[in-house]
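Some notes on the structure that comes next.
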Amino acid sequence: MTPPRPDRRAALGLLAGAAATGLAGCGRREDGTARLTFWAMGNEATNVPRMLPEFERLNPGIKVHVQALPWTAAHQKLLTAYAGDSLPDLSQVGNTWVSEMAAIGAISALPAFASDLLTDQFPAVLETNRIDGRVVGIPWYVDTRLIFYRSDLLAQAGFEAVPPTWAGWKQAMHAVRRVAGDGNYAVLLPLNEFEQLLTFGLQGDEPLLRDEDTRGNFSSPSFVAALAFYKSLFDEGLAPVASAAQISNVWTEFARGWFSFYFSGPWTIGDFRNRLGPGTQWMTSGVPGPDGPGASAPGGSSLVVYRSSPRQEAAWKLVRYLSDPAVQARFNVITGNLPARQSAWAAPAVANDPYIAAFKGQLSRAEAVPKVPEWERIVTEMQIVAERMVRGEYTPEAAGAEIDRRADRLLEKRRWMMERGRA
């Protein structure tokens, strides 16, 4: 049974200042054709219309209108539309937004007739779409972060591949730095980004939040070890103490050897292919861990159907179509997005790409991050504290305690709501 929708006045309290956008679903024509409104972002919004003529041919009673949103405005636009009761029929959402949209009761649970969409998925990515035991979103494309590296410089340093452990990787970084020469570093870890430290933190066997995700667990031994490893890369001169804004452009600095290891996702494959000359040899590798190949956070986008849509069946038909492995393989050719369905990776364009191969192994080791609406604010605080640690204000142990203090403050309302629910 579908749980009751939360009181809209309570949701409006979470969305203070939001106003209606007027971009509601288009409805049904007099001829009986269902007209779906689909909000998509960025590269996907540009290219998904190329996939829709075949869907409309297979479903002659459905027409789809794609509304393009910029990624920078999409999150607020969705919340504003919810407040104004003007959500589309379905949309693309970032995986980290799913828990927030579910918390306010905006999205529909997967219907029984679409349960086959749960097969053939990467478990950690699917888990980001499972809230309170119910799947409320279907992965559309997946990504995760791993290591792009200068294979030529690594070979000159005496290593055939990136070592799978932290100790071995650090040894390789020191060797590569010597090959690259004075004034150069080994790895780029921009201080204004949280993703690299989060990746290190996911290697531990202890969760990042505790007490039913109501308190931080960043003082745990495993996360403090991650903080210490992260800090050591700066202390030993392997990473520049710099933010992304201080880097002219990544490919130029990578090509000249200013750094040789770079954390990024599949979108960088196209950038490096187009911008690096044949004299720069590079490859992708899984993330090293304390004792062997490490984990990373699952990413990508999901497709969700909104509870306010009166065209539920038609909307789920579109989700099913865009989730078809053959359609996802074609979308990979058009956009470079990695397919969410594992069987689509057998398509030649995906299977034969040497730069993509490491992503499948990394996705199989992905670990879902906590599914709380406050998560993006928590990792922002984590990044702020980590930068201060790198600059000497905190030890790793003190940094872990400070991140916990900030996380606990952000989770205060969550604790209150859970305690009230038990009363």
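The model shown is predicted, which means the values in this text are computed figures rather than measured ones.
For T96 and K371, the side-chain atoms include no donor-acceptor pair closer than 3.5 Å. Side-chain atoms of Q67 and T37 form no donor-acceptor pair, as typed in the model, at a separation below 3.5 Å. In the model, Q92 has a side-chain atom that pairs as donor or acceptor with a side-chain atom of S301 under 3.5 Å.
Annotation: the span from L322 atom CG to F38 atom CZ amounts to 5.5 Å, rounded to 0.5 Å. Here CD1 of I147 is found 4.0 Å from CH2 of W169. Values are rounded to the nearest 0.5 Å.
A salt bridge links R273 with D353: the distance from a Lys NZ or Arg NE/NH1/NH2 to an Asp or Glu carboxylate oxygen falls below 4.0 Å. Note on E402 versus R405: salt bridge recorded, some NZ/NE/NH1/NH2 to OD/OE distance being below 4.0 Å.
Under the 6.0 Å cut-off for aromatic ring centres, W71 and W267 do not qualify, their centroids lying 6.0 Å or more apart. Ring centers of Y262 and Y149: at least 6.0 Å apart, outside the cut-off. Note: Y185 and W258 meet the aromatic proximity criterion, with ring centroids under 6.0 Å apart.
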Got a list of side-chain donor-acceptor pairs under 3.5 Å for residues 109-116, not counting sequence neighbours?
unit_1, atom_1, unit_2, atom_2, d
S115, OG, A112, O, 3.1
D116, OD1, R320, NH1, 2.9
D116, OD1, R320, NH2, 3.3
D116, OD2, R320, NH1, 2.8

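Taking the six-membered ring where the residue is Trp, W166 and F200 present perpendicular rings, their angle passing 60° and hence far from 30°. The aromatic rings of F234 and Y230 stand perpendicular to each other, their planes meeting at an angle above 60°, with 30° marking the opposite boundary.
Listed by first and then second residue, the ring-ring contact (aromatic ring centres under 6.0 Å, His included) pairs involving residues 321-361 are F55-Y321, F122-W345, W140-F331, W282-Y355 (not counting sequence neighbours).
Within a 6.0 Å sphere centred on CD of E313, heavy atoms belonging to other residues, nucleotides or ligands number 12 at most.
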